[in-house]
Chemist: 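Have a look at the structure that comes next, please.
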Number of protein chains: 2
Amino acid sequence: MKQQIPEACIERLSLYVRELGQWQRRGCGFVSSRRLAEPLGLTDAQVRRDLSYFGQFGTSGRGYEVRRLLSTLSDILGIQGRVWRVALAGVGNLGSALLAYRGFQNRGFVFKVVVDADSQKVGRVIQGLTIAPSRQLEELVRRHRIHIGIITVPSEAAQAVCDQFIRGGVKAIVNFAPARLEAPSGVRLRNVDLALELEALAFYLGRGKALTDGLQK
Amino acid sequence: MKQQIPEACIERLSLYVRELGQWQRRGCGFVSSRRLAEPLGLTDAQVRRDLSYFGQFGTSGRGYEVRRLLSTLSDILGIQGRVWRVALAGVGNLGSALLAYRGFQNRGFVFKVVVDADSQKVGRVIQGLTIAPSRQLEELVRRHRIHIGIITVPSEAAQAVCDQFIRGGVKAIVNFAPARLEAPSGVRLRNVDLALELEALAFYLGRGKALTDGLQK
DNA sequence: CACTGTGAATGCATTCACAGCG
DNA sequence: CGCTGTGAATGCATTCACAGTG
């Protein structure tokens, strides 16, 4: 009964929610899998398959009721009537950017705790939150019952911060440091590596040249 | 002869380069696929398969020569003795963070052009670059022969910026706006969606509850 | 003997194609 | 008739397993 849902499908769920928002604002009552898929660059079959993992929401011949599907998917993603408490470690450029990013607040992600190792920064107020010293992270995380931890510290410090999150009871972590982190299996860990994005592109840009330049042996 | 290399493999290439850097600093001459794989959370078979797409670099019984493999992979990725000229559109929080990020400079990615639509920001200097008005993007991109474009503008403006990049001759774009962009097939487009990362985590955090709460029908 | 390089097997995700429904 | 929901087919990526090599 409990089938496995593809990881990629979960990410598309967020896309569906955004796209459905558009259709709702346009005042459409129903939308077909094809119309939902097209602007997202997907196929109609993919949309139907994805949705089918969660139940049967469509009506034959008509499509999906926009309002209902939007509300159901938001619910599944936990971004409806739900607040996720987030803690951020590392108030550098990237950390500050994430704190200021409106996209999170809108979706029910609320920063509750911010720490930094730099005593110069501790005590400063940013986005309405006072920066606490790193050493208090574990306790703050526990006290605020943080759901999600975000790591934007230098690579060397990333594992230590990660461990504090875990000891504090966090079950989901996003790591922006370019380092492989260890976490027990009960903790969901996602890595976002910005330099890696550019490097992958560089590969394709340089491909023709590099591969023919005697690399094959 | 020209076999297809998995997308995921390209991304792991960057990881191998980083890890090999560690081994080199530690003064190791050779490293086996197993030792290379382990700290990255991969299997030895995966490492061997990935490398085999590009040639035969190993020695039976010994492993891979660290220095040579590092140099070869860096070359394949185009991060050795190569400079990639980058343009950034949108100097908000995220844009500023990317400009300041050292990880890019180190790998041969150099920002040459920065634009913003806000006339308040135009003329300001950031990380040694003067912010130009958005309307000049296409021309600047062409004049500086930009390789990679980065989009950190609001969703509404993203497609317009993307079009300017493309008309200016850019062949690789990273888009941070949560919007699906259109680009011709010759242009490599990558999307990085930060809110989506958190939402995917929220799904797993909330799963147990949401799925049993009458969503199955 | 320790290790690579790679066919063959497996496991996932996407796409096809169509029966069934409103 | 238009569209969903889903078995079956396909296409990719990963893993297995082992012959081959220094």
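Letters A, B, ... mirror the listed sequences (proteins, then strands); counts begin at 1. All figures in this text were calculated on a predicted structure; none of them were measured in a lab.
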Chemist: With heavy atoms under 4.0 Å as the rule, sort G61(B) into base, sugar-phosphate or nothing.
Modeler: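 Base, at least one base heavy atom under 4.0 Å.
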Chemist: Would you jot down, in residue-number order, the residues of residues 14-27 of chain A having a non-hydrogen atom under 4.0 Å from DNA chain D?
Modeler: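 Those residues: none at all.
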Chemist: If you count heavy atoms of other groups shown closer than 6.0 angstrom to CZ of R26(A), is the number above 12?
Modeler: yes
Chemist: For E7(B) and for S32(A), locate the closest nucleotide of DNA chain D by heavy-atom distance; then report the residue assigned to the nucleotide nearer the 5' terminus.
Modeler: S32(A)
Chemist: Should Q56(A) be listed as having a side-chain N or O under 4.0 Å from OP1 or OP2 of dT6(D)?
Modeler: yes
Chemist: When you check the side-chain N and O atoms of S74(B) and Q80(B), is any donor under 3.5 Å from an acceptor?
Modeler: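 Side chains of S74(B) and Q80(B): no pair found under 3.5 Å.
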Chemist: So, E7(A) and R188(A), do they make that salt bridge, N to O below 4.0 Å?
Modeler: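 Answer for the salt bridge query: yes.
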Chemist: Please list all pairs meeting ring-ring contact (aromatic ring centres under 6.0 Å, His included) that have one or both residues in residues 14-52 of chain A, counting only residues at least two apart or in different chains.
Modeler: none
Chemist: Which of residues 181-200 of chain B have a heavy atom under 4.0 Å from DNA chain D?
Modeler: none
Chemist: Please tell me which of A45(A) and P6(A) maps to the more 5' nucleotide of DNA chain C, matching each residue to the nucleotide holding its nearest heavy atom.
Modeler: P6(A)
Chemist: Between dT4(C) and R48(B), is there an OP1 or OP2 to side-chain N/O distance shorter than 4.0 Å?
Modeler: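 Indeed, a polar side-chain atom of R48(B) lies that close.
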Chemist: Report the residue (R34(A) or S60(B)) whose heavy-atom-nearest nucleotide on DNA chain D is the more 5′ of the two.
Modeler: R34(A)
Chemist: Answer yes or no: does atom CZ of R35(B) have more than 12 heavy-atom neighbours from other residues, nucleotides or ligands under 6.0 Å?
Modeler: no
